[in-house]
There are 4 protein chains.
Amino acid sequence: MSRTGPRRSESIRVAVLNAADDLLVEQGFAATTIEGIATRAGVAKQTIYRWWKSKVEILLDALEDDALEGLAWAEPAGTPVEDLVTHLHRVADFFQEPAGQVLQALLGNAQLDQDAAVALREGFLRGQRERDLVGLGAIVERHTGKAPDREHLGRLADLLLGPIYYRVLVFGAPADKELGEAAAHLVLRSTD
Amino acid sequence: MSRTGPRRSESIRVAVLNAADDLLVEQGFAATTIEGIATRAGVAKQTIYRWWKSKVEILLDALEDDALEGLAWAEPAGTPVEDLVTHLHRVADFFQEPAGQVLQALLGNAQLDQDAAVALREGFLRGQRERDLVGLGAIVERHTGKAPDREHLGRLADLLLGPIYYRVLVFGAPADKELGEAAAHLVLRSTD
Amino acid sequence: MSRTGPRRSESIRVAVLNAADDLLVEQGFAATTIEGIATRAGVAKQTIYRWWKSKVEILLDALEDDALEGLAWAEPAGTPVEDLVTHLHRVADFFQEPAGQVLQALLGNAQLDQDAAVALREGFLRGQRERDLVGLGAIVERHTGKAPDREHLGRLADLLLGPIYYRVLVFGAPADKELGEAAAHLVLRSTD
Amino acid sequence: MSRTGPRRSESIRVAVLNAADDLLVEQGFAATTIEGIATRAGVAKQTIYRWWKSKVEILLDALEDDALEGLAWAEPAGTPVEDLVTHLHRVADFFQEPAGQVLQALLGNAQLDQDAAVALREGFLRGQRERDLVGLGAIVERHTGKAPDREHLGRLADLLLGPIYYRVLVFGAPADKELGEAAAHLVLRSTD
DNA sequence: CACTAAACGAGACGGTACGTCTCGTCTTGTG
DNA sequence: CACAAGACGAGACGTACCGTCTCGTTTAGTG
């Protein structure tokens, strides 16, 4: 016997996520207020608070819909080095897209708010880290013939992705192609 | 003939910077309000607005007083690789200190606010980048016997520092010792 | 079909008017700040600004609730002269009451602020003038047997009320009984 | 042996009084701030505070220079009734002049501030009341042949001047000629 | 096909901080 | 030592959002 009455409106959910996304890209994170999202989505504030705890949760929700593919590791399509370079370029490009800006904003906010940091890590980063280790592990295994242990793999991931995030988060500029290539070659050579 | 009247009070400047620093470490960036800083420093709000445009400027001012030495490159004390590893460890440790937390917060805020991003880059990051290139250039030169060109040097800096910042900013955890060592060896080996 | 959502809280309205009244009597007009009223009424500042434009409007609102009866003309109870004297005494006494102090303060403020002057006249004085002319007209008619024209009536009102207001506003002292009596006799005799 | 060093500058005193006067007429009492007066007079704020306790004192100072003659009782020039009417017209006109506006503002402010009220009464009104009683006393004596006692005289003054002040302070409009004439005739007739 | 009961819009409300304004005091160097 | 210049502590201003709350109204189901 299920309960009576209306169910959560999917159209509202979508309208809110889109409004949040749009506001973030157009006005920035600080100007993306719950009130603004509500107005833009044509929705009452209370309706938002009923389903999300904070704007961070909204943006996380929006991120999940978009970021998974933007940061996904592709199927092998060339040599391991080529595939790795391709992936790093893809990551660098991702931050130019709306979803990448959302992630960038959430990462920024995570530096300022412990709760938001936890939510981001639990809600996105941990899963992404897992996917990165799997994707990178496959490439390394194709390159060297055996899978490195998890700790080693994590370090490799840091060495590869760190410089790209560094350029974006610290200098606000996308990583250039050469940086990805240099990182890929250095790191794969180190596994020989 | 200089102008008459009272001059800017240095003791107020120091009190404000300390209050801001303390509040940031104790309560976090969001809870570090101008009003709170003023109360804590025993100063009128207007006095703060007279000299600083925003709390970001205050924290930048505080950073300048503290971060320069925390991220400075030391004089040669061992082999180039040893010195590089030492420096990377130092950078990793820096983010555990108050000044490092200030930098972390400002980097986070810079993702959310274009103006703050510009202020941070002009006020701190550009100078720090310069110091990093000089310091790293010296080490590379000692290692290889000749100085790499500026573009190459920049890439090396990204590859070395990126992973450390990545761990701090993305995972909120300090880089472990091995990461710095791996980065140092990889990068210096690449210059052979 | 009326609009949805919560309605204006009457209890808040009353709390604000009382707080304003109390503060004015206890601390004076200048010390009666919106902030103080809000605190005293246990209400958010924004709530006050939602419903009133300024403290003058609040006091006008408070005045409306109280001053109407304090300055009302009573039903005939004796000879016209007796009734007129009674009314003038009543007006003189009115300025000793809280509502009278509110009116006094608003009159004072009206000298200093054109907008406040207009608000006071539109919001209270015009109506009171009308009531005064009607009340006085009835007494004169009882006394002489015919109603004077409006212009004449206005002059009589000025001659009767002027001295009382003069004593209050210029000398800060209530008019004594004799002044009212003298005014009443002089003016009524002039209509013979 | 008088003390050494510069004395109070008379030119500053005049500049301040003029600036205050001008500001009051142009901008109103509220906008007439000490800071504004200082700027306009080309004088330092501290210099004003050295010699006056508040803007009320400044305006009182300014009033003394101007109001004495504006409200003075003239020498006999016609019948007592004519002279009284002339004086009442003069009082009504006075409030259209700058000095009259200063007095009006000070009267307004006196309703809002006890200290200011005391200062105004001590600094101006008491003396003016005295002059009014003397002037009116002379007229009454000319009219009836004997001087009324002080209490009676005071009541007559209230009956004569009250209506004029009432129109100005309550309705913000000058008393018309008829009002003065009516008051003069009524009051003088009452002394027969 | 009423009858529920939750979802929803609208928006009032107590708070907190914002950045601005002006006050009256205090400090510093000049004439 | 009077003065200009102006820094300073204090505190109210009016605004923006926050997150909570109370209202009708609308929208499914369930009986």
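Naming convention: chains lettered A, B, ... in sequence-line order (proteins, then strands); numbering from 1 in each chain.
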Exercise for the section: Could you pull out all residues at least two apart from E122(A) that satisfy salt bridge (Lys or Arg N to Asp or Glu O under 4.0 Å)? Expected result: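 For E122(A), the residues satisfying salt bridge (Lys or Arg N to Asp or Glu O under 4.0 Å) (neighbours in sequence not counted) are R126(A).
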Among all residues two or more places apart in sequence or in another chain, which pass the side-chain hydrogen bond (donor to acceptor under 3.5 Å, both in side chains) test with [X]?
X	value
Q27(A)	none
E57(A)	none
E64(D)	none
S9(A)	S11(A)

Problem - Contact residues, residues 13-31 of chain D to DNA chain E [heavy atom, < 4.0 Å] - result: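 When residues 13-31 of chain D is checked for heavy atoms under 4.0 Å from DNA chain E, there are no hits whatsoever.
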Exercise for the section: Tell me which residues in residues 110-117 of chain A put a heavy atom below 4.0 Å from DNA chain E, sorted by number, or none. Expected result: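 None, since no heavy atom is under 4.0 Å.
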Practice task
For each nucleotide in nucleotides 8-13 of chain F, reading 5' to 3', give B when a protein heavy atom comes within less than 4.0 Å of its base, S when such contact involves only the sugar-phosphate, and - otherwise.
Solution key: BBB-BB
Handout entry: Presence of donor-acceptor pair under 3.5 Å, side chain of T4(B) and base of dT30(E)
Key =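 Side chain to base: no pair below 3.5 Å.
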Handout entry: Set of ring-ring contact (aromatic ring centres under 6.0 Å, His included) partners for F95(A), sequence neighbours left out
Key =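 Partners of F95(A) under the ring-ring contact (aromatic ring centres under 6.0 Å, His included) test: Y165(A).
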With sequence neighbours left out, write down each residue that passes side chain to side chain contact (heavy atoms under 4.5 Å, CB included) with [X], or none if nothing qualifies.
X	result
R13(A)	R8(A), E10(A), L17(A), W52(A), D61(A), D65(A)
A117(A)	A110(A), R121(A)
A15(D)	A41(D)

